[in-house]
Each structure stands twice: as C-alpha cells, then as structure tokens.
Amino acid sequence: MSPVMLFFGLCFMGGWAAAVAALVYAVVTLVRIWPRDWVRHHGHLAVRLLVPTPAYLRLDVALAVLALLVDLWLVSAAIVFGSDGIFTEDWMGYPGMTDPSGQGYQAAVVSALRTTAWWTSGIAVLCRCWTTAGVQVCVLPLAAWWIGSFDTYYT
C-alpha cells in the first residue's frame, strides 16, 4: 500500500471521530449562544443582517470546521472505496481486479460532491454562516475536480 493511500485510509477512519467531536463542539457552541442576540441591534438594516454578532460568528467558525472535517471524510471515503478496482493513479499502487460495476463511480462521485457543495453552501448562506458557505464552495468543487481528473480503467 502506498503512503498516500495509507493517509487517505487513516483520514477515512479517523474522520468519524473528528467529525463527531466537531459536531459536539458546534452543538455546545449553539447551546451557549442560544439565549444571546443573533442579530445586531445598532446600525443600518443591511449591516445588522449581514454582519453577525461575535457569538454567532463563533458558531459559524465551529460549523465551518465541522464542514471541513466532513468534507475531508467524504473525499477520503470516495478515494478509499474507488481505489479497489476503479482508479489507476500511480500513487495508489495496484488496485486489484477491475470492478465492472465501477464504470459510473467516478462520475457519480463528482456529481455527489458538486451537489453536496451547492446544497450545503446554499443552506449556510440562508443561515448567514458566511465562513461555512465559503468553506463548502472552496473545498468540495475542487475535490470534485481533483477526483474527476483521475485515470480510471474505463477512460
């Protein structure tokens, strides 16, 4: 097994624990700021709506870290599951037998990552979580492009 595949395998396995820990931290942050103000009370209406309060900004940062960890876990899962007979990248080593049911795997992963990026960033924008939306727009489409660039047995 190559060192890069070992890295992605460890990210896949350790991603569960890291994402759960980040989720717990985000929930604790939400519970702490729940009674506080979510919208500023001074200034122009647009500023009050677009500029979050410091407590809400802490929640946004916690959600952005959670989103980043989940994104890394999702990309690692796609690579780990695709390395068994679908992708033929040099750093993966010998992937084993060619999986005949894997012909649409790469396209499905790219589509799933892009769809996840737009839905999660849209929800984050609706909730005024600007940092989380930025993380989702930056990480997942680039990961989809990267996975889409892999050589497969079928291309």
Side-chain angles (χ1 to χ4, degrees), residues 1-31 33-34 38 46 49-52 55-155:
M1 180 183 297
S2 70
V4 176
M5 280 308 299
L6 180 63
F7 170 75
F8 282 112
L10 290 174
C11 284
F12 174 66
M13 291 183 293
W16 282 103
V20 167
L23 178 64
V24 168
Y25 181 76
V27 168
V28 167
T29 304
L30 178 64
V31 169
I33 71 166
W34 190 259
W38 290 67
L49 182 64
L50 296 177
V51 179
Y56 195 76
L57 187 60
R58 281 192 301 274
L59 173 66
D60 185 19
V61 169
L63 289 176
V65 170
L66 173 64
L68 179 67
L69 290 172
V70 170
D71 293 347
L72 292 176
W73 177 83
L74 189 63
V75 171
S76 294
I79 292 172
V80 167
F81 291 135
S83 67
D84 188 25
I86 297 170
F87 299 131
T88 60
E89 289 290 320
D90 293 335
W91 49 267
M92 288 187 181
Y94 178 68
M97 295 179 56
T98 302
D99 183 8
S101 64
Q103 289 182 353
Y105 180 80
Q106 185 178 25
V109 166
V110 169
S111 175
L113 289 175
R114 286 181 180 161
T115 302
T116 303
W118 297 121
W119 275 100
T120 55
S121 64
I123 291 169
V125 165
L126 288 175
C127 295
R128 297 181 317 123
C129 296
W130 311 122
T131 309
T132 305
V135 166
Q136 292 301 91
V137 168
C138 291
V139 173
L140 287 178
L142 288 175
W145 169 79
W146 182 56
I147 289 177
S149 70
F150 287 175
D151 289 332
T152 65
Y153 281 109
Y154 310 104
T155 58

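Keep in mind the model is a prediction, meaning the values are calculated, not measured. Atoms considered below: every heavy atom in the structure, side chains included; atoms not considered: hydrogens, waters and symmetry mates.
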W145 versus V110: any side-chain heavy-atom pair under 4.5 Å? no

Over all heavy atoms of both residues, which pair between A133 and V125 is shortest? Give the atoms and the distance, please. CB-CG2, 3.7 Å

Contacts of C127 that satisfy side-chain contact (heavy atoms from CB on, under 4.5 Å) - sequence neighbours left out: Y56, I123, C129

side-chain contact (heavy atoms from CB on, under 4.5 Å) partners of V139, counting only residues at least two apart: L68, D71, V135

Check whether any side-chain heavy atom of W118 sits under 4.5 Å from a side-chain heavy atom of V137, and report yes or no. yes

Applying side-chain contact (heavy atoms from CB on, under 4.5 Å) to T115 and not counting sequence neighbours gives S111, W119

Listed partners of T120 passing side chain to side chain donor-acceptor pair (under 3.5 Å), at least two apart: Q136

Enumerate donor-acceptor pairs with a distance under 3.5 Å from any side-chain N or O in residues 59-67 to protein atoms, sequence neighbours excluded.
residue	atom	partner	partner atom	Å
D60	OD1	T132	N	3.2
D60	OD1	T132	OG1	2.8
D60	OD2	W130	N	3.2
D60	OD2	T131	N	2.9
D60	OD2	T131	OG1	3.1

CD on Q106 to CD1 on I147, rounded to 0.5 Å: 8.5 Å

Side chains of W146 and L113: closer than 4.5 Å at any heavy-atom pair? no

